[in-house]
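Numbered from 1 within each chain, the chains take letters A, B, ... in sequence-line order.
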Amino acid sequence: MKPLSDAALGNLRQLSERPVDDARYTIHEELGRGGMGVVYRAHDRELGRDVALKVVGELLTESGVERLRREARVLSLLEHPGIVPIHDVGVLPDGRAFHVMKRVKGETLKRRIAAGLTRGDALRIFTRICDAVAFANSQGVIHRDLTPNNVMLGAFGEVLVLDWGVARVRHAAMVESVSAGAGEGGTTRDGAVVGTPGYMAPEQAAGAGEADERSDVYALGCILRDLINGSGEMVRPLASVVARATAAQPAARYPDAGALSADITAWLDGLPVSAHRENLMERVARLANRHRVALSLVGVYLLVRFLMLVFLRR
Amino acid sequence: MRIDDGGILSSPFIHRTLENRSFPLTRPSIVQGALDTDPLARERARDAIAATYWAPIHSYLCRRWRLDAADASDATQEFFAQALERDLFHRYEPERARLRTYLRLCVDSWLRNAWKAEGRQKRGGQHDHVDVDDVGDILTTNDEAQERWFEQEWMRGLFTAALIALESECKSAGKGTHFAIFKQYNVDEIDAPHRSSYAQLASAHDIPVTQVTNYLAWSRRRFRALVLDRLRAECRSDEEFRQEARLIFGVTS
C-alpha cells in the first residue's frame, strides 16, 4: 500500500472526526465548533426535523462525557427564551456523547459584529444576552465561557446563549438536580482552566478565585466592548460601563448581569448610568438628546415667532 | 535491505507487526512497552513503533538530509536496527519530549555521527552511534518547521498504519468488500477528477446502495477506532492522548 496522499490524509482525518449516524439522527455538515465540541446539522428521522447535534471533541474520557451530560442537565433546568432548549442526550455508535438542541438558523454574534451593527441594535442585543445570563445566574448557574461565538442571533430576532458545557452550578438545589456537580472556581473538576482568553475574568484565568456572577459580568463587559467598537465610536458613559464590568477586582464590577443590563437600558433611554459621573456639558448634551423632539418643537416655535416679529415690524 | 519508493510500507518491521496475530487491538502504551522488562513486550512495542515511524523517518531523511529514496530506505533500516541493538528506546525519557520528537532527533544525531564517523573511519576511527546527550542539546534548539513537517508525516504514518490494520481486520473477518469500498471511496478516488457515487459503488460490487452506506459507516467507525487505538498506544497519559487527538482531528476539548 502506498503512503497516503495529502488529500487522502485530509479526507481520512475529517472522516474520522465526523460522527457516524445514530439510529435516530442523520448527521450532515458541521455548523461550528467551540471549546467543548463540534456542532453538526442533523436530521431527526423520528420527528422529521432538523436539529443541532453537539458532539464532545476527542475527549473520550469519563470526565468529558460527564461534562456533556452535565451541560444537558443544566440546560434542561434553564427554561428561558434566551437559552437554547435541549431535546435529547445520548451516545453515538462510536462511543462519543452528544446532545441535541434546537437548531437556530442565524449567525453568531461574532459574525454579526464583523458584518457591522448600529449602536442601538448592538446594545439591544446586549441587553437580551444579559437577560438570559441574569436568569441563569438567578438559578445559580454561572456560564463561565461567554464570548460572541457562544451567542446566536436567530433569523427572527432571537438572541440565544449557547455552550453551557463549563457552567458552574452554585445553588444547592441545582447541584442536587445536576448530580454530576461542577468544579470550583475557574476550573473544571479535573483542574483545567475554563473560559476563552480575552473574555475570561482574571480570577478564572488564575484558576484561584471562585467564579461567580461577576465572572460572567466580566465576560459580558468584554462582549459589550466588542459590540461598541463594532458599531462606532466609544462614548464616555459606555466606556465607563465597560470599564466597570471588566474591572480586575470582582468587587469593583457590577454585582450581576441584571445591574449591567440596567445601566445599558438607562443609556438607551437617555438616563444617567451608574458607572459614570457626568460633567455639566455631558448632562446638557444627554438631556438635549433625550428631549430632542420637544426641543426641536420649541426651536421651531421660537423661530416662527422671531420671523413673525421681524415681518410685522416691517 | 532496499525497498522501492512506492513500497515503503512493505518494510519487514511493518509486516512483522501486521502478521503478528497475537498483537491485541487495544494495547498498552507502546512507550511503556518499549521500556518493559519483558523482552517479548519490548519487541512488540518496538515493532509497533517501527510500523508507525518507518515512513515518516524515511521521508524525513529524504527531505532534511537530502538522501535519495534508496539511500533513505537503507538509512531507515539501519537506524531501526541500531535503535534495537543499542536499546535506544530504553533511553527514551517521556517527560522530556514526545516520542516522535525524540525519534526525529535521534535520527539527526545518528546520521550526524554516522557522517562524522565516516570521516574518522577514513582516518581509522570508530563506528557511528546515537549520542543521547547530543539529542538533549538538539531538543533545546528545535527547528519548529521541521517538527511540524515531521508531525504531518507522523500523522500520515499513523493513518496509513490504521488503514493497513483495517484491511487486515476486514480480510480476516470476511469483510473484504467493506474495505474495498471504503478505500476506493475515501482514499483512491480522492485525488481522481470524479468520485464514484454510492450507486456506482453498489453496481460495481453488486450490492444494494443501502449496503454501501452500511459498509462505509462500519468501516469509518472501525477506522476511527484503529486510529485512536494506535494513538492511545503512543501516549503515556490520558491528557497526552487528548492533546494528540486534538492535534489530529483539530478539535478542542
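Remark: B/Asp191 pairs with no residue by the salt bridge (Lys or Arg N to Asp or Glu O under 4.0 Å) rule, at least two apart or across chains. Here B/Asn186 pairs with A/Asn11, A/Leu12, A/Leu15, B/Phe182, B/Arg195, B/Leu216 under the side-chain contact (heavy atoms from CB on, under 4.5 Å) rule; sequence neighbours left out.
Other residues, nucleotides and ligands contribute only 12 or fewer heavy atoms inside 6.0 Å of the CD atom of A/Gln14. At most 12 heavy atoms of other shown residues, nucleotides or ligands fall within 6.0 angstrom of atom NZ in A/Lys110.
Here the straight-line distance linking atom CZ of B/Arg156 with atom CZ of A/Arg13 works out to 10.5 Å at 0.5 Å rounding. Atoms CG and CZ, from A/Leu9 and B/Phe159 in turn, are 6.0 Å apart once rounded to the nearest 0.5 Å.
Heavy atoms closer than 4.5 Å to chain A are found in both the backbone and the side chain of B/Gln152.
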